Amino acid sequence: MDTSSQPHDSKASVSLAAAGLRLYDTAGHQVTPFRPIEPGKVGIYVCGATVQSSPHIGHIRTTLAFDVIRRWLLRLGYQVTLIRNVTDIDDKILTKAAANGQRWWERAYIYEREFTHAYETMGVLPPTYEPRATGHIPEMIDLIQRIIDRGHAYVVPDEQGRPSGNVYFDVASWPEYGALTHQQTGTQPADEQAAANDRLGPSVDTDDQAADADEEPGKRDPRDFALWKAPKPTDPPTARWQTPFGTGRPGWHLECSAMSHRYLGAEFDIHGGGLDLRFPHHENEMAQSHAAGWGFAHRWMHTAWVTQKGEKMSKSLGNGLSVGQVLSQHPAWVVRYALVSVQYRSMLEWSDQSLQEAEGAYERIRNFVDRAGRILGAQPERARVTELSADDLPEDFVQAMNDDINVSGGLAALYALIRQANAAMDAHSETLDRNWLANALLQVRAMLDVFGLDPLDPHWDGAAADHDDRAMNTLDALVGQQLKERDQARKDHDFARADAIRDQLTAAGVTVADTPAGSTWDLNR
């Protein structure tokens with residue numbers, strides 16, 4: 001992916017519009033003003049993929065949602081550090097690798113590359129850093145020891161009284177457990193959208209990881225969760241590490257606490273992820289980090305699920321659409337539009353209709369951008385598009401995006417300006433204010449860039465060509481069928497029918513040429 005024309009954090013200068021940003025906090029169940037810990041800078045940690053199999057649309061939705069959030073923060077002038085981890089060791093990876101005759105680290109890397117390719121194809125800005133769990137074992141060991149020393153974790157002994165490799169967080173020792181989701185007290189989420197998501201049921205993709213820890217021996221309390229796990233007999237020697245607590249490997253929840261602390265410090269601004277990670281994963285992260293004496297995330301942001309016919313998209317329900325499958329049928333720009341056009345906390349219903357609407361959006365946007373560029377004789381340089389401050393964008397767009405990243409309102413503002421500009425271009429040319437049109441074109445492309453959808457972004461150069469190729473292939477099939485019917489009519493000496501087909505094609509702008517090798521066609525120039 002070409003990153004040369006992307007917003008650069010190092011050049012950030014906070015805009016006046018930044019003062020109006022309000023974001024939802026899962027822990028508090030309310031939208032509140034956003035104030036970063038360090039003025040002008042924002043630190044974000046987003047839970048990334050467990051690379052055990054190919055990515056599906058449900059996975060990518062969260063990544064794209066936080067890409068838009070990040071892009072808006074950049075547009076507001078913040079310097080943004082975004083860390084997105086890779087979980088490259090867990091029970092699923094080990095089990096599936098063994099079943100397929102692979103080494104676990106080989107399988108993890110294969111699917112890590114698939115995820116990376118999907119992110120790049122969809123135009124996701126690369127994270128500031130993308131740490132792997134297996135690269136941070138020393139930090140995890142230090143964190144476990146810190147929690148043990150503070151009296152909030154215990155090592156399970158084996159039959160000989162030696163450390164077994166199993167270490168659990170002692171939930172009963174931490175009265176604040178449940179502060180994120182209120183699971184311990186049974187309190188329901190205060191907002192209707194979160195409640196609606198919860199009614200769909202637990203996460204199919206993540207529950208197995210929690211269940212693995214629940215099944216391990218030596219717990220004092222069913223609520224306790226694994227910080228470190230003794231190896232199973234089937235685990236290969238390369239999937240275990242020596243520690244003061246015994247041989248084993250990290251617990252799923254521990255990884256993110258160690259990595260977020262390593263790159264963002266004891267306190268950072270935003271922790272993000274899919275809604276189904278709130279419990280137990282994020283609840284456990286919060287508990288173990290605070291129990292270690294750290295401040296952790298100041299705000300929790302969660303994306304809702306992608307659904308099909310009202311059911312959560314997941315592999316075990318049989319409706320998980322792989323990213324590769326979708327991209328083989330639709331241009332990446334269109335898929336991205338379909339996934340980012342719904343506000344991140346709202347469930348996104350995936351259907352042919354949503355993709356058709358995205359196709360229509362592409363045509364409408366591209367037609368406007370091309371038409372305005374032709375009338376003006378040039379397009380704004382890409383650098384001007386990326387550097388345009390939020391203070392220079394339409395007020396209704398800024399208000400929408402500052403309202404907890406209300407992309408629906410943002411798109412409404414975008415299309416309102418496109419309609420106004422089209423109306424101006426439809427009027428007589430002598431009344432057209434070319435300076436106004438040039439500014440409108442610049443604003444439209446900058447607003448599109450907030451969504452990662454500027455059609456003239458170098459990343460999408462191939463998208464327009466791909467779309468044109470698809471259209472030409474469709475036209476070739478349709479015209480080809482007409483020419484076959486014409487050839488047959490000529491063989492049958494039905495020359496009136498043959499001439500009628502040729503006249504229809506000519507009227508549609510298609511030139512037909514008869515050659516010794518057969519009939520060919522071309523579009524009129």
Side-chain angles (χ1 to χ4, degrees), residues 1-14 18 21 23-26 34-51 55 59-88 112 115-116 118-133 135-136 255-274 277 281-282 285 289 296-303 336 339-340 344-345 386 390 401 404-405 407 449-452 457 459:
M1 179 179 176
D2 183 350
T3 62
S4 61
S5 58
Q6 296 168 359
H8 295 289
D9 297 7
S10 60
K11 297 181 180 179
S13 177
V14 179
L21 179 61
L23 298 172
Y24 186 79
D25 178 32
T26 305
F34 175 75
R35 300 291 182 266
I37 297 170
E38 184 177 351
K41 298 182 179 180
V42 179
I44 305 175
Y45 185 91
V46 178
C47 284
T50 298
V51 285
H59 293 133
I60 298 300
R61 196 267 169 106
T62 292
T63 304
L64 287 173
F66 279 97
D67 188 57
V68 172
I69 292 168
R70 180 190 187 187
R71 286 170 180 266
W72 181 239
L73 289 168
L74 289 170
R75 191 67 59 166
L76 291 173
Y78 287 111
Q79 296 180 31
V80 181
T81 299
L82 187 142
I83 306 299
R84 184 184 66 219
N85 76 293
V86 174
T87 297
D88 60 343
E112 179 184 340
F115 272 87
T116 299
Y119 298 150
E120 292 176 346
T121 302
M122 298 280 221
V124 176
L125 298 178
T128 309
Y129 191 61
E130 192 167 34
R132 297 189 184 108
H136 296 78
E255 299 170 359
C256 289
S257 286
M259 288 186 283
S260 62
H261 183 268
R262 170 67 176 80
Y263 297 101
L264 296 174
E267 298 189 54
F268 53 96
D269 296 292
I270 297 170
H271 194 314
L277 296 180
H281 185 48
H282 288 165
E285 276 189 66
S289 293
F296 213 52
H298 281 208
R299 184 180 300 266
W300 292 83
M301 298 178 69
H302 292 93
T303 58
R336 180 179 176 111
L339 286 169
V340 305
Y344 74 96
R345 285 198 295 124
T386 61
M401 295 304 292
D404 196 30
I405 318 297
V407 297
D449 194 56
V450 169
F451 303 121
D457 181 336
H459 177 74

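All heavy atoms count here, side chains included; hydrogens, waters and symmetry mates do not. For clarity, every value in this text was computed on a predicted model and none was experimentally measured.
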Q: Please assess F451 against M401 for the test side-chain contact (heavy atoms from CB on, under 4.5 Å), listing each intermediate value before the final yes or no.
A: CA-CA 11 Å; F451 303 121; M401 295 304 292; 3.9 Å; yes
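- With sequence neighbours left out, the ring pair (Phe, Tyr, Trp, His ring centres under 6.0 Å) criterion links F66 to no other residue.
- Counting heavy atoms from C-beta outward, F34 and Y78 have side chains that approach closer than 4.5 Å.
- In this structure, NE2 in H298 is found 3.5 Å from CD in E267, a value given to the nearest 0.5 Å.
- Ring centers of H282 and H302: under 6.0 Å apart, within the cut-off.
- N85 contributes a side-chain N or O that, together with a main-chain N or O of G48, makes up a donor-acceptor pair within less than 3.5 Å.
- H271 approaches A297 most closely through the heavy-atom pair CB-CB, 3.5 Å.
- Among residues two or more places apart in sequence or in another chain, the side chain to side chain donor-acceptor pair (under 3.5 Å) test is passed with E255 by T87.
- Once rounded to the nearest 0.5 Å, the distance linking CD of E38 with CD of Q79 reads 8.0 Å.
- The main-chain N or O of E120 is found under 3.5 Å from a side-chain atom of H459 such that the two form a donor-acceptor pair.
- Test L125, I270, V42 against R70 for side chain to side chain contact (heavy atoms under 4.5 Å, CB included) and you get one pass: L125.
- Y119 carries R84 over the face of its six-membered ring, with the cationic atom under 6.0 Å from the centre and within 45° of the normal.
- I83 CD1 to C47 SG: the interatomic distance, rounded to the nearest 0.5 Å, is 12.5 Å.
- Checking side-chain atoms of D67 against main-chain N and O of V124 turns up no donor-acceptor pair under 3.5 Å.
- Looking at residues two or more places apart in sequence or on another chain, you find no salt bridge (Lys or Arg N to Asp or Glu O under 4.0 Å) involving D269.
- Applying the side-chain contact (heavy atoms from CB on, under 4.5 Å) rule to S289 yields the partners S257, W294, F296; only residues at least two apart in sequence or on another chain are considered.
- Atom-to-atom distance recorded for M301:CE and Y344:OH is 3.5 Å, nearest 0.5 angstrom.
- Rounded to the nearest 0.5 Å, atoms CG (L23) and CD1 (I69) are 7.0 Å apart.
- By the side chain to side chain donor-acceptor pair (under 3.5 Å) test, T62 pairs with T303, sequence neighbours left out.
- Between the CD atom in E285 and the OG atom in S260 there is a gap of 6.5 Å [rounded to 0.5 Å].
- When the side chain to side chain donor-acceptor pair (under 3.5 Å) test is applied to H136, the partners found at least two apart in sequence or on another chain are Y263.
- Between V46 and L82 the shortest heavy-atom distance is CG2-CD1, 4.3 Å.
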Q | Working for side-chain contact (heavy atoms from CB on, under 4.5 Å), residues V450 and L74 | A | CA-CA 9 Å; V450 169; L74 289 170; over 6 Å; no
